[in-house]
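In what follows, chains are A, B, ... by sequence order, proteins preceding strands, each numbered from 1. Here the structure is a predicted model, which means the values were calculated and not measured.
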Amino acid sequence: MSKVITPQEEDYSKWYNDIVVEADLADHSAVRGCMVIKPHGYAIWEKMQQALDKMFKDTGHVNAYFPLFIPKSLFEAEEKNAEGFAKECAIVTHYRLKSDPQNKGKLIVDPEAKLDEELIVRPTSEAIIWNTYRGWIESYRDLPLLINQWANVVRWEMRTRLFLRTTEFLWQEGHTAHATREEAIEETKKMLEVYADFAENWMAVPVIKGVKTPNERFAGADDTYTIEALMQDGKALQAGTSHFLGQNFAKAFDVKFANKEGKLDHVWATSWGVSTRLMGALIMSHSDNNGLVIPPKLAPTQVVIVPIYKGDEGLKKLAEVAAVIKAKLQQRNVTVKFDDRDSHRPGWKFAEYELKGIPVRIALGERDLSNGTVEVARRDNLTKEVVKIDEIETYIVNLLEEIQSNLFKRALERREQMSHQANTFDEFKKILDEKAGFVYAHWDGTSETEEKIKEETKATIRCIPLNNKQEQGTCIYTGKPSTQRVLFARAY
RNA sequence: CGGGGCGUAGCGUAGUCCGGUAUCGCGCCACGUUUGGGACGUGGAGGCCGUCAGUUCGAAUCUGGCCGCCCCGACCA
C-alpha cells in the first residue's frame, strides 16, 4: 500500500482529510484557507451542478451572473445582512501595484491608487442583486422573477476545512422576487424540497427538513429553512438553506411594483443556496477506510474495466471484448472507462479505483474470456460476483441502481441508529458525549435557553423539523412547558 | 487571536540535543522479467536543508528575526 488512509476509528478528522487528498478530490493551495479542486473532485461537483441546474430549470428558474464585487454602500444597505457578514469580508481598497523603490523586483500597493469607495468581495449576493432588481421590476407583470447564479463567494473564516468551510467556495444562489408573501413562502419551501430531493435521490444522503430558530437564521431573513444531514461521526451538517426574506431587501433597495389595482408595494423575496460543502457531506456519508465511495448517479465514471493480461497479444484479445462491453453499457447510458494502461498492474488499479470511489469495477482476464464471464466488484460493500458477458449490461444497470439505493438505505439506517430522544438535561449531555448524533428534545422556545445549551454542550438546534409531531413536554434546560421536540446536534 | 506541530528531492521522512556538506522509503527515468488485489531485479537522475541575519575555519545542526502551512480551540449567514 503506497497510499494509506487513517482509519475513521483512529481519527475521523484525519480520515476525512486523507480521503480528500488521497482520492484526488482537492488539495491545500498556496493561499491560506483556499483549496484547489482537482479534476476528480471537480468532475463530481459538475455532476452535482448538472443535476441541480436541471432541477432549477424544471421549476422555472433561469441563470444569470452578477459581479464579484459589491460597493460598500450597497453592501451596507440591508442592515442585518451587512452586520451578519461584516466580520468575514474581504475588501478591495486599491486597484494598482507599483515597483517598490526600496526593494528591487518587489511590488507595493500604489497609495495613489486608492479606491474612492471600497469594494466588498461578495460573501453572498443579495445586495448587488437587489440593487439590480430595482431596475428590472416595475409591475406585477415582471413577477415572479426567478433567477439563479452559479458563482464563487468569499467568507473570511478563521478556521477552514477542505470542502466543509473554505475561504473561497463555489455555490449556486437563487434569488427570487414575488408579488405576494404567500407566493414567496411557497417558493422558499419548494426550493427546500428540491434540495432535499437532490440530497436523498442523487447524493443518497438522508436529510431532515426544518426551520431554523431566530438565532440560526440567515442575516436578513424572516425565516430560514434547512436540510440537515448526519455524518458518520455523529455530527450534523447543514447541507442547504432556503430563506424567506420577506420585504427586507425590497425595502432596503426600494424595489416596488404596481399591483393589478395600480397600488405600489414592495416585492417579496427568497434566496437559497447549496455549495461545494455538499462534497464534504457526500464524503462523510458514504466513504470508508478504503477510500471514497461515490453514489452511481454522481460518479463521473460509473464503471471501470480493468484487463488482466499477459503480453500485447493478450491485451489485444481482451480489448476487443472490453470494447464490446463498453459500447453495450454506453448504450444504456452508463459511463465506462477502459483502463488499458500498461504502466500499472491490475492490483494497483483495483486499489486506485477503490480509493477514488468508482462504483463498479469489471475485471476481465483470459480465464474469463474462455468462460464468457467477467468479475464484477462493487465499491459500496466490496463484494464480487462472476457475471456472464451476455447479461452484463442489464446486470450493471440494475447493480448501479442497487448501489444507489443501498447507499441511501445504509445512511438512513445509520441516522436512525444515531437519533435519540432526551428528556432531561443530564440525559441530553450523556447522549451527546457517549453516542453523538441527533438528539430530539423539548425546548422552551427562547433564544436565551438555546444559547445556554450551546455554551454548555456545544450542541445547537439544527432545526425545528417540518410537520413536527406536537406533544406536551417540558424544556430539558428550564423545565418550562413545550409543545414539540426540536432537533439538537453538534455540528460542522 | 490563544494553544500545539511542522517546514530537508515530486511526496513522506532520518539527521538537529552533541556543528565537519544529507539517510531511508515511495515516486520518477532506462532495460529486462512480470501482470486474477498496490510486482521484482539491475542501473540512473533528482536537494542553494522555508527565509534573512549572526556566531564559527566550517551551520540542516547553535542564536535571533521574519515568512508560510497544518491541527486543536475561539468564530462560523
Nearest to the A:Arg32 side chain among B:rC70, B:rC75, B:rG36, which nucleotide is it?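 The closest nucleotide is B:rC70.
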
If you compare every side-chain N and O of [X] against the phosphate oxygens of [N] (OP1, OP2), does one of them come in below 4.0 Å?
{"X": "A:Asn17", "N": "B:rC70", "value": "no"}
{"X": "A:Lys384", "N": "B:rG36", "value": "no"}
{"X": "A:Arg159", "N": "B:rG73", "value": "yes"}
{"X": "A:Ser13", "N": "B:rC72", "value": "yes"}
{"X": "A:Arg345", "N": "B:rG36", "value": "yes"}
{"X": "A:His344", "N": "B:rG38", "value": "no"}

Given the ring of A:Phe350, does A:Arg361 sit roughly above its face, with NZ or CZ under 6.0 Å from the centre of the six-membered ring and within 45° of the axis? yes

For the pair made of [atom1] in [X] and [atom2] in [N], what is the distance, rounded to whole Å?
{"X": "A:Lys310", "N": "B:rU33", "atom1": "NZ", "atom2": "P", "result": "15 Å"}
{"X": "A:Asp27", "N": "B:rC11", "atom1": "CG", "atom2": "C1'", "result": "11 Å"}
{"X": "A:Lys87", "N": "B:rC75", "atom1": "NZ", "atom2": "P", "result": "11 Å"}

Please determine whether any donor N or O and acceptor N or O are separated by less than 3.5 Å between the side chain of A:Arg361 and the base of B:rG37.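 In this structure, the two groups form a donor-acceptor pair.
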
Determine whether any donor atom in the side chain of A:Glu366 lies under 3.5 Å from an acceptor atom in the base of B:rG36, or the reverse, and answer yes or no.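 For A:Glu366, whose side chain was compared with the base of B:rG36, there is no donor-acceptor pair (under 3.5 Å).
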
Does A:Lys349 have more than 12 heavy atoms from other residues, nucleotides or ligands lying within 6.0 Å of its NZ? yes

Under the side-chain contact (heavy atoms from CB on, under 4.5 Å) rule, what do A:Asn248 and A:Trp130 come out as? Steps first, then yes or no, please. CA-CA 10 Å; A:Asn248 302 334; A:Trp130 278 89; over 6 Å; no

